Visitor: 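Below are the structure tokens for one structure; questions will follow.
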Amino acid sequence: MKQPQLDSKYNWDNLESRWYKYWLEKKYFQADEDSSKEPYTIVIPPPNVTGKLTMGHVLNNTIQDILIRKARMEGKNACWIPGTDHASIATESKVEAMLSEKGISKSMLSREEFLEHAWDWKDKYGGIIIKQLKTLGCSCDWDRERFTMDQDYTNAIMHAFVDLYKEGLIYKGKRLVNWCPASKSAISDEEVIHKEKNGKLWYLRYPISGEDGYVVVATTRPETMLGDSAVAINPKDKRYKHLAGKKISLPIVNRKIPIIFDDFVNIDFGTGCVKVTPAHDPNDFDMGNRHNLEFINIMNDDASLNHNVPEKYQKLTREDARKTIVEDMSSKDLIDKIEDYANSVGYSERGGVPIEYYLSDQWYMKMDTLAQPALEAVSSGKIKFHPEHWVKTYNHWMKNIKDWCISRQLVWGHQIPVWYHKDDVEKIHVSIKGPADPENWKREKDVLDTWASSWLWSFAVHSWPDKDKNLKTFYPTNTLVTGPDIIFFWVARMIMAGTKFLNEIPFKDVYFTSILRDKDGKKFSKSLGNSPDPFTLFKEYGTDAVRFSTMLMSPQGLDVLFSNERLEIGRNFMNKLWNASRFVRMNIDDTVLNSLEINIDELEIEEKWILNQLNKTTDDFNKYLDDFKFNEAAKIIYEFTWNDYCDWFIEIAKTRFYGDDTEKSKKAQIVAVKTLRGILTLLHPYAPFITEEIWSYFRGEDDVDLIVAPWLNIKTYTPDLEAIKSFDTLKGIISSVRMIRSQMNIPPNKHSSIVIRKAEKLHSVINNSKAIIQSLAKVDKIIFSDDNNRPDKSATVITNNIEIFIPLEGLIDFEVESSRLKKRLGELEKHVSASKNKLSNDNFIKKAPEEVVAHEKQKLDDMIVEYNLVEQNLDFLT
RNA sequence: GCGCGUAUAACUCAGUUGGUCAGAGUGCCUCCCUUACAAGGAGGAAGUCGGAGGUUCGAAUCCUUCUACGCGCACCA
């Protein structure tokens, strides 16, 4: 059993793991495929199996946890399917690095041997990020955890490949691919990052064969001249008409290459003559096809020069080759000039080195027919993006989609299910099981792009292609939460996979998270080392605080400027919540917890007010969450808890708790607990640990754990407007008195009396709340004055048309009071004249809606009343 | 070149279909260890809503345009 009182300090350290373990034991995270409850499903964007948790993961997975916990509390069949992906390139390069430390190179090992090392590696590091997600509090159904290289999942991938191949949507082609010389593999267009680089433009002289002259070509990559097979000129370029039919004698290699004419060449760029290297440049590749040129591959798979170049250059790296070529051309006086030139260079996202365009056999997926239904799914609104503006980016990419190079020259991954006949390479076999006579066949060595496995994630986490109960219950999923940086890699392709293989969209809503940056606006990255370690933060601030603060600082659709300082907001808030709860627990009778029934009509005004505020907050909170505005929802529950509940309600409740009236005290206790339980409910998805802990001190005997407690939903409510208005007046009185006292620097232990004028209608309200005013505004006597006499030597303030005097014999600083009143007069003057202007405008009276005009009139009247009173008081003062 | 986003207090952000005297948190200033919380309480100062036009009775909000910053795509000999 719980101790009835909360510790004096919130200590999250062992409490978090204790609750997580408890929830697991109770199997609260488990979804049930047989349940008749409405399913709510999320598939996790699978992190890299050997990765570690980053703040990006914290952001992303907290959001998913919020959605899934809320759904669970709403009584839905909440299913969050976790897992990891195998991340071909990243993992393979890590394994290679590990092996090379042991003096083993990949080429020394057979495929099977390398895979063994890779699986060892995966077994060793594969569980880390999963454990970390548990520390974060993620309520995933861990029994459903998947890995993209599981047997079932692999089967799904093979199935998809064979299907698409049979339909003619997968084909093999020899063309230029983006080649990453670091991982020695092809990569897709999406994995190429273009960076602006300051380079040079070399103007090379190419001698015309059999003549004295030369043409000058400009290039950013002089080393590729070794693979040139033509020089091209625009046919409309009058300057070079005379070169028709002539040949170039290519320096250094001494190859005779033709001069060709092609519209592609830009007359105005450089000299108008361009060297053509069909095997190493996409545009030149096309020209090579058009003009039937020679395709000379001059590179090895690591981008060093191969045997197709003169011996001197063979085996040089591309960087050394460039230097040597420039030197050699220069010594032959074949460099016309060199200019500085900024151009963008494609880098391999994973390898971090410039890519090469490399001629090779690769497997491609035909995309245009796959794209059509996916495009339709979003434009029809069946799938909604949040924020919506990503639709444009999505559409643009989809409409210009190019075929996808899906083969990778790697080992760690899904080996392509294609076999080549040993006697006839043209003869190929494509199936999941392989040929019946394997001895006569050789399997394709390449593996599939990792995204060509994770694009099936939304349904391959089940036993697809079998359509079992799980698939039927949990597909389509509800919401995908992911970063906008993988909108093409993953989101778009998952939509294509869903519509293609199941003829149904994979999810209804896609929430794109913010990008985390440091407080200077730099993107968090490993290479910059500016990314904080989440676990240090969890320890320092508490996991709930990190979760809550991260949500609070992440506006929808905008980047987040993250700083530890901003985590203090969450930590302080958790501390506030803890202490408020502690205080309430200290002051309630245990019996209250089991009988929270209450007659609303009999409540005090502050009780009616706080319950109304809770209703409003609940309503707004739900609306914000429906809208995926996690920051707004966080903010509103924060404000309600701190400002309304702690600063006003609990302060007032003190007068009830410590007052003589036991009935009133009991009512206050019930409302205090009711409201607190509301706060805990709404806050639980954001801060699961602390709320469950506090809940355990406030639950009745029949109540369930908070994680499965019913969600708060306010359908309709009819507030007692009269009571709320009275309470606002009361707040106004208290705030006004506090302001005066503070400005006069009156210490809290020195109580003062107040005189209230022009408040005939409010006498009963004020009388009923006398104790509250006295306690919160540090007032001893409240005097009503209905005549025209004003107390001497008083400060004055006007609120809600009530005039309040605070006689402060000997304490008043008349200078301060006078300048304060003058300032207020100035403000009023400004607003009154603006308001008068508005109301004297006939068009405003005629065209504006009635209630706006009426409101404006009321406002002006109130301001004039206040103006006159302030003016009188000022006169009186001087 | 095409597209997207952002610009409101010193900082980080709210501000709904145009209509409360433009808000919050942090920071800053003043006072206070008052029966949960100094990770706290009370109060205060602080904004030409990026610039310029326009629509409107009325614009932070809608339109045009410019500027600055960020991002994506395409081209790049």
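Below, read A as the first sequence line, B as the second, and so on, with proteins coming before strands; counting in each chain starts at 1. No experiment lies behind these values; they were computed from the predicted model shown.
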Visitor: Across all strands, who's sitting opposite B:rA60 as a Watson-Crick or G-U wobble pair, both distances under 3.5 Å?
Guide: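 Because no pair has both required distances under 3.5 Å, B:rA60 counts as unpaired.
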Visitor: Both distances below 3.5 Å, Watson-Crick or wobble geometry, any strand: find the nucleotide opposite B:rC2.
Guide: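 In the structure as shown, B:rC2 has B:rG72 as its Watson-Crick or wobble partner.
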Visitor: Of A:I610, A:L776, A:N643, which is the lone residue that meets side-chain contact (heavy atoms from CB on, under 4.5 Å) with A:W648?
Guide: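 Looking at A:I610, A:L776, A:N643, the match for A:W648 under the side-chain contact (heavy atoms from CB on, under 4.5 Å) is A:L776.
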Visitor: Given the ring of A:Y347, does A:K195 sit roughly above its face, with NZ or CZ under 6.0 Å from the centre of the six-membered ring and within 45° of the axis?
Guide: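 Output yes; distance and angle both within limits.
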Visitor: If I take atom CD in residue A:E196 and atom C1' in nucleotide B:rG72, what distance separates them, rounded to the nearest angstrom?
Guide: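 Going from A:E196 (CD) to B:rG72 (C1'), I get 15 Å.
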Visitor: Of the options B:rA39, B:rU12, B:rG41, whose atoms approach the side-chain atoms of A:W642 most closely?
Guide: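 Nearest nucleotide to the side chain: B:rG41.
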Visitor: Whole-Å distance between B:rC71 P and A:K523 NZ?
Guide: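 Taking NZ of A:K523 and P of B:rC71, I get 8 Å after rounding.
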Visitor: Within the pair A:K576 and B:rG41, is there a side-chain N or O less than 4.0 Å away from OP1 or OP2?
Guide: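 Yes, within the criterion.
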Visitor: Look through every strand shown and name the nucleotide pairing with B:rG50 as Watson-Crick or G-U wobble, where both distances are under 3.5 Å.
Guide: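 For B:rG50, the partner nucleotide comes out as B:rC66, under the 3.5 Å rule.
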Visitor: Is it possible for you to check whether A:K337 lies under 6.0 Å from the centre of the six-membered ring of A:Y203, through NZ or CZ, and within 45° of that ring's axis?
Guide: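 Judged by the rule (NZ or CZ under 6.0 Å from the ring centre, within 45° of its axis), A:K337 counts as positioned above A:Y203.
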Visitor: Pairing check on B:rC33: which nucleotide meets the Watson-Crick or G-U wobble criteria with it, both distances under 3.5 Å?
Guide: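 Its partner: none found.
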Visitor: Go through B:rG44, B:rC75, B:rA36 for me and flag the one nearest to the A:Q743 side chain.
Guide: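 Side chain of A:Q743 sits closest to B:rG44.
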Visitor: Between B:rA14 atom C1' and A:Q556 atom CD, what is the distance in whole Å?
Guide: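 About 13 Å, once rounded to whole Å.
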Visitor: Could you state the NZ-P distance from A:K847 to B:rG19, rounded to the nearest angstrom?
Guide: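 The distance from NZ of A:K847 to P of B:rG19 comes to 18 Å, rounded to the nearest Å.
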Visitor: Taking pairing as Watson-Crick or G-U wobble with both contacts under 3.5 Å, can you name the mate of B:rA24, or confirm there isn't one?
Guide: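 Paired with B:rU12.
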Visitor: Using the ring pair (Phe, Tyr, Trp, His ring centres under 6.0 Å) rule, pick out the option among A:F512, A:W390, A:Y511 that qualifies with A:F385.
Guide: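 Of all the options given, the one that passes is A:F512.
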